[in-house]
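Each remark here refers to the structure printed beneath this line.
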Amino acid sequence: MSLSLLVVIMDKIIQQAVTLLRQGEVVIFPTETVYGIGADATNSDAVTKVFQLKGRPLNHPLIVHIADIAQLNDWAKDIPEYAYALTKQYWPGPMTLILKAADHVSRVITGGQDTIGIRMPAHPIARELLKNFAKGVVAPSANRFGHVSSTTAEHAKAEFGTAVKLIIDGGPCELGIESTIVDCTQKTPRVLRPGPILIAAESRQDKKDIPRVSGSLEKHYAPQTPVLLLPLQTILQKIKLTQKVAVMSFDIFETNHDVYWRQMPHDPAGYAKKLYATLRELDELHVGEILIEEVPQQKTWDAIRDRLTRASHKE
Ligand code: TXA
Ligand code: MG
């Protein structure tokens, strides 16, 4: 198929998505981080559908996605200078800002809070969709509440089946983990969820006064199979005693035991890109446990360590 024909087809699909959004329907689309399950942010019924489809509690706020920095003022007020500076540096891209919500913004989106999450994604399909729709689109990650995020259209299909009318297939997501979330409601920025962009801001330390972030629930991004995060030595000892086990590690070893090894990249970007697909794949093997080698302590691994810690959290 010629490239120009593909472009025509994608244009048609995007037009179809815009029509569905205008009708108050839900559409799944790719972003550079993970797939999003989107709805018209100005239509409370449509927004409610997203909560229902995900099985997400109503007090967990959604992110509004925009096509242009000029749309910020439609959604937020009292925006500090440093927040504008962050948008200039990182938008479009994998960064979500938490700002004071404009007065008219539906509290259905914000989970009843006075703050709102806003992101301007970089993925060309997401950008075209947002540009053509011309209004904000709420889009949490396209997975059922607490599950692993989707980084391919197939993952999203596995999560929602036919409950969603349109899933736009943009291939595997380039980054593979969710955006960095920065709280911009205080005097200085604070990272609430580490992500692909390393921002030199104080990370959350004090859990008491952080805005509600569902990604901050201890158990999240989790497969059905129990996940254990362990040093390599412990994994090597453990696999001798366990039958049918899955391992994600930086190097793989010869064993005569029943082990499904998955070798993970040594660089955080490469690791992030494969993380969720690998978790899903291993989950489908229905083994007793997924053993994951601990990742380095460096800051560049913060976002991945965060997701692995949550995936392995025991209730
Ligand atoms: O990369 C991403 O951010 C993806 C793509 C689709 O854009 N979206 C995403 O959305 O990860 P979601 O809903 O799965 O995670 C967004 C997080 C949630 O944990 C939510 O609680 C938090 O952002 N959040 C949204 N609005 C907030 C607010 N006003 N205050 C605090 N946290 C907020
Ligand atoms: Mg999510």
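We count ligands from 1, going down the list as the structure has it; atoms in each ligand are counted the same way. Everything numeric here is computed off the predicted structure, so don't read it as measured data.
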(message) Is there a polar contact, in the sense of an N or O pair closer than 3.5 Å, between Arg193 and ligand 1?
(response) yes
(message) Evaluate Tyr35 for polar contact with ligand 1, using N/O atom pairs at a separation under 3.5 Å.
(response) no
(request) Considering the heavy atoms of Ser179, write down every atom of ligand 1 situated less than 4.0 Å from one of them. (result) 1 (O), 2 (C), 3 (O)
(message) Testing the 3.5 Å rule here: is there a donor-acceptor pair between the side chains of Thr225 and Asp283?
(response) yes
(message) Suppose I only count heavy atoms of Arg56 and a 4.0 Å limit; which atoms of ligand 1 are within that range?
(response) 12 (P), 13 (O), 14 (O), 18 (C), 20 (C), 21 (O)
(request) Consider ligand 1: state whether an atom of it lies below 4.0 angstrom from any non-hydrogen atom of Ile98. (result) yes
(request) Could you tell me whether the side chain of Leu72 reaches within less than 4.5 Å of the side chain of Trp91, counting heavy atoms only? (result) yes
(message) When you measure from the Mg ion (ligand 2) to the N, O or S atoms of Ser141, does any of those distances fall below 2.8 Å?
(response) yes
(request) Assert yes or no for the condition that the ring centre distance of Phe250 to Trp261 is strictly below 6.0 Å. (result) no
(request) Under the salt bridge (charged side-chain N to carboxylate O under 4.0 Å, His left out) rule, what do Lys274 and Glu281 come out as? Steps first, then yes or no, please. (result) CA-CA 11 Å; Lys274 281 181 78 171; Glu281 187 196 347; over 6 Å; no
(request) Indicate yes or no: at least one non-hydrogen side-chain atom of Lys238 is less than 4.5 angstrom from one of Leu228. (result) yes
(message) In terms of relative ring orientation, are Tyr221 and Tyr276 parallel, tilted or perpendicular, with 30° and 60° separating the classes?
(response) parallel
(message) Taking Met120's backbone N and O only, do any of them form a donor-acceptor pair with His65's side chain (distance below 3.5 Å, no angle check)?
(response) no
(message) Quick check on contacts: which atoms of ligand 1 are under 4.0 angstrom from a heavy atom of Thr115?
(response) 28 (C), 29 (N), 30 (N)
(request) Would you check whether Arg119 has a nitrogen or oxygen atom less than 3.5 angstrom from a nitrogen or oxygen atom of ligand 1? (result) yes
(request) Heavy-atom contacts with Ile116 under 4.0 Å: which atoms of ligand 1 show up? List them by number with element. (result) 29 (N)
(request) Before signing off on this row, confirm whether His65 and ligand 1 have an N or O atom pair separated by under 3.5 Å. (result) yes
(message) Taking a cutoff of less than 4.0 Å between a non-hydrogen atom of the residue and any ligand atom, is Ala139 in contact with ligand 1?
(response) yes
(message) Parallel, tilted or perpendicular, judged at 30° and 60°: which one describes the rings of Phe145 and His220?
(response) perpendicular
(request) Could you list which atoms of ligand 1 come closer than 4.0 Å to a heavy atom of Ser141? (result) 8 (N), 9 (C), 10 (O), 12 (P), 14 (O)
(request) Heavy-atom contacts with Thr33 under 4.0 Å: which atoms of ligand 1 show up? List them by number with element. (result) 1 (O), 2 (C), 4 (C), 5 (C)
(request) For Glu178, take its heavy atoms, then give the atoms of ligand 1 lying under 4.0 Å from any of them. (result) 1 (O), 11 (O)
(message) I'd like to know if the side chain of Glu178 pairs up with that of Ser141 as donor and acceptor (distance under 3.5 Å, no hydrogens or angles considered).
(response) no
